[in-house]
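Just below is one structure, and these are the notes that go with it.
Because the structure is predicted, anything quoted here is derived from the model rather than measured. For ligands, and for the atoms within them, numbers begin at 1 and follow the listed sequence.
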Amino acid sequence: MTEAKKLYIKTYGCQMNVYDSERMAEALGGSGYVETQSPDDADMILLNTCHIREKAAEKVYSELGRFRTLKQDKPDLKIGVAGCVAQAEGEEIMRRQPLVDLVVGPQSYHRLPQLEAKAREGKKALDTDFPVDDKFDTLRHRPKAKRGPTAFLTVQEGCDKFCAFCVVPYTRGAEVSRPATRIVEEAQDLVERGVREITLLGQNVNAYHGAGPNGGDWSLARLIWALNDIDGLERIRFTTSHPNDMSDDLIAAHGECEKLMPYLHLPVQSGSDHILKRMNRSHTAESYLRVIEKIRAARPDILLSGDFIVGFPEESEADFQATLDLIEEVEYGYAYSFKYSTRPGTPAAERAQVDEDVKSERLQRLQALITRQQRKIQDAMVGRTVKVLFEKPGRLPGQMVGKSDYLHAVHVTDSSVQAAEIASVEIIESGTNSLGGRIVAR
Ligand code: SAH
Ligand code: SF4
Ligand code: F3S
């Protein structure tokens, strides 16, 4: 028997990249690779990259430079770049960085075994096609090994919305939904392997409209109801949603579907209608707030999170103030905020840019407000009893950590608690990034 080759994958960017990295490791498993946690003993290094902001894309080149000595010591080492930077600038990477043997885009990684074989022959291998064949069909047979209690599952990919700042429609391609039966099968398989919580992924996950088993399209809500019937699956989440695709059946599911968790990530980007229009978001601040109102009517205790961009071209102080006002009104449990970053090829890159200093100052003010809200919502959990799905041991002896229904990190000190267990926990303290509690019922 030949010794297994070692694969080191480093993942950047969104949750979909995390999922893709798992699938890439599985695809290369068929070529005799097992995963390693260190680049030093790897026979192949794959960087699964993100192109969303300039900083994310730049990381790739500096990371690649660090592998030079590794490759000098081990000439057989193959280095590959996957993900959204590979899609956007694959050929340029090959030109700029001769260390790279292989480039593969997010829609063609099912062809990794062939690309790896080509690289082994000493040839450069590049595939950034948007093939018509479904990569998930090729990758259908997954290993049966046990795994941790939470998993991601891609149900929809790509985006047709073309927000003026965003590279995703170019790097991931057009919106495609996977057939519902395949998703249900994959979920069942994950549950058999020990998974109790599944997060459904899509760049526009709530625009999901996959083929149902007897023809016709299934909505995301319909899919969630089908997953709700899987014994052993305890929790369902989904991300990321667009405000315009929060359909009534999905909102209703938040009130009625027992396994659907009370947490929703609903990015708005800005609170100014002028900026929203220039962003090509096709919603207003008001229409976003109406959606939130409906969701809260269906599920009053839902925890909301959002994404914000500050310093988008033409953003005035008054536009920025409108964003702060919207945040005040919504009260977010979490939020992710970014300085606008010009991305080549997107419409907003051509426009008059806001000063870097102004962006930094606005980001600080926005983050201060968000931190206050986050803190307030987190502190209000003290005294309440929540369900926690435990995932792994914490930093201190006897400590276990997991997530509440609302996605707050919760730790308890109780050595009888096992990973993958769901228990009722009374929250007794609120720390910087997590809540502390004690088990009240198993
Ligand atoms: N599909 C999701 C998420 C897209 S990327 C959605 O539609 O919401 C995640 C977040 O990155 C976005 O919500 C946005 O806030 C941010 N982002 C995207 N492009 C950006 C850019 N050019 N500069 C700064 N932030 C950006
Ligand atoms: Fe990007 Fe907008 Fe599509 Fe989200 S909806 S992926 S922000 S283009
Ligand atoms: Fe980044 Fe691509 Fe995800 S650009 S955020 S890895 S879809």
Are [X] and [Y] close enough for a salt bridge, meaning some N to O gap below 4.0 Å?
X: Asp405; Y: Arg235; answer: yes
X: Lys118; Y: Glu121; answer: no
X: Asp248; Y: Lys294; answer: yes
X: Asp357; Y: Arg362; answer: no
X: Glu197; Y: Lys259; answer: no
X: Asp76; Y: Arg120; answer: no
X: Glu186; Y: Arg178; answer: yes
X: Glu314; Y: Arg351; answer: no
X: Asp127; Y: Arg111; answer: yes
X: Glu356; Y: Lys359; answer: yes
X: Glu234; Y: Lys387; answer: no

Cation-pi check, [X] onto [Y] ring (under 6.0 Å, within 45° of axis):
X: Arg53; Y: Phe338; value: yes
X: Arg182; Y: Phe136; value: no
X: Arg96; Y: Tyr61; value: yes

Name the closest protein heavy atom to [atom], giving the residue it belongs to and the distance to 0.1 Å.
atom: atom 4 (S) of ligand 3; answer: His51 N, 3.2 Å
atom: atom 1 (Fe) of ligand 2; answer: Cys166 SG, 2.3 Å
atom: atom 8 (S) of ligand 2; answer: Cys163 N, 3.3 Å

Leu264 and its side chain to side chain contact (heavy atoms under 4.5 Å, CB included) partner, picked from Met246, Arg296, Arg237, Arg299: Met246
Atoms of ligand 3, numbered as shown, that sit under 4.0 Å from any heavy atom of [X]:
X: Cys50; answer: 1 (Fe), 4 (S), 5 (S), 6 (S)
X: Gln203; answer: 7 (S)
X: Cys84; answer: 2 (Fe), 4 (S), 6 (S), 7 (S)
X: Asn17; answer: 6 (S)

Which atoms of ligand 1 sit under 4.0 Å from any heavy atom of [X]?
X: Pro267; answer: 8 (O)
X: Arg53; answer: 11 (O), 16 (C), 17 (N), 23 (N), 24 (C), 25 (N), 26 (C)
X: Thr240; answer: 2 (C), 6 (C), 8 (O)

Where does [X] meet ligand 2, judged by heavy-atom distances below 4.0 Å: at the side chain, the backbone, both, or neither?
X: Pro267; result: neither
X: Cys159; result: side chain
X: Asn204; result: side chain

Within ligand 2, which atoms have a heavy atom of [X] less than 4.0 Å away?
X: Phe165; answer: 7 (S)
X: Val168; answer: 6 (S)
X: Lys161; answer: 5 (S)
X: Phe162; answer: 8 (S)
X: Pro169; answer: 8 (S)

Within-shell test, Lys339 vs ligand 1, heavy atom, strictly < 4.0 Å: yes
Could you see which bit of [X] sits under 4.0 Å from ligand 1, with heavy atoms only: side chain, backbone, both or neither?
X: Phe165; value: both
X: Ile52; value: both
X: Gln269; value: side chain

Whether Cys14 has an N, O or S atom under 2.8 Å from atom 3 (Fe) of ligand 3: yes
Look only at interatomic distance and state if [X] has a nitrogen or oxygen under 3.5 Å from any nitrogen or oxygen of ligand 1.
X: Ser341; value: yes
X: His242; value: no
X: Gln203; value: yes

Met16 to ligand 3, any heavy atom closer than 4.0 Å: no
Candidate pair Arg95 and Glu92, rule salt bridge (charged side-chain N to carboxylate O under 4.0 Å, His left out), full reasoning: CA-CA 5 Å; Arg95 250 197 328 271; Glu92 195 190 332; 5.2 Å; no
Protein heavy atom under 4.0 Å of atom 9 (C) of ligand 1: yes
Nearest protein heavy atom under 4.0 Å from atom 4 (Fe) of ligand 2, yes or no: no
Stepwise salt bridge (charged side-chain N to carboxylate O under 4.0 Å, His left out) check, Lys339 with Glu54: CA-CA 11 Å; Lys339 284 194 264 183; Glu54 197 178 350; over 6 Å; no
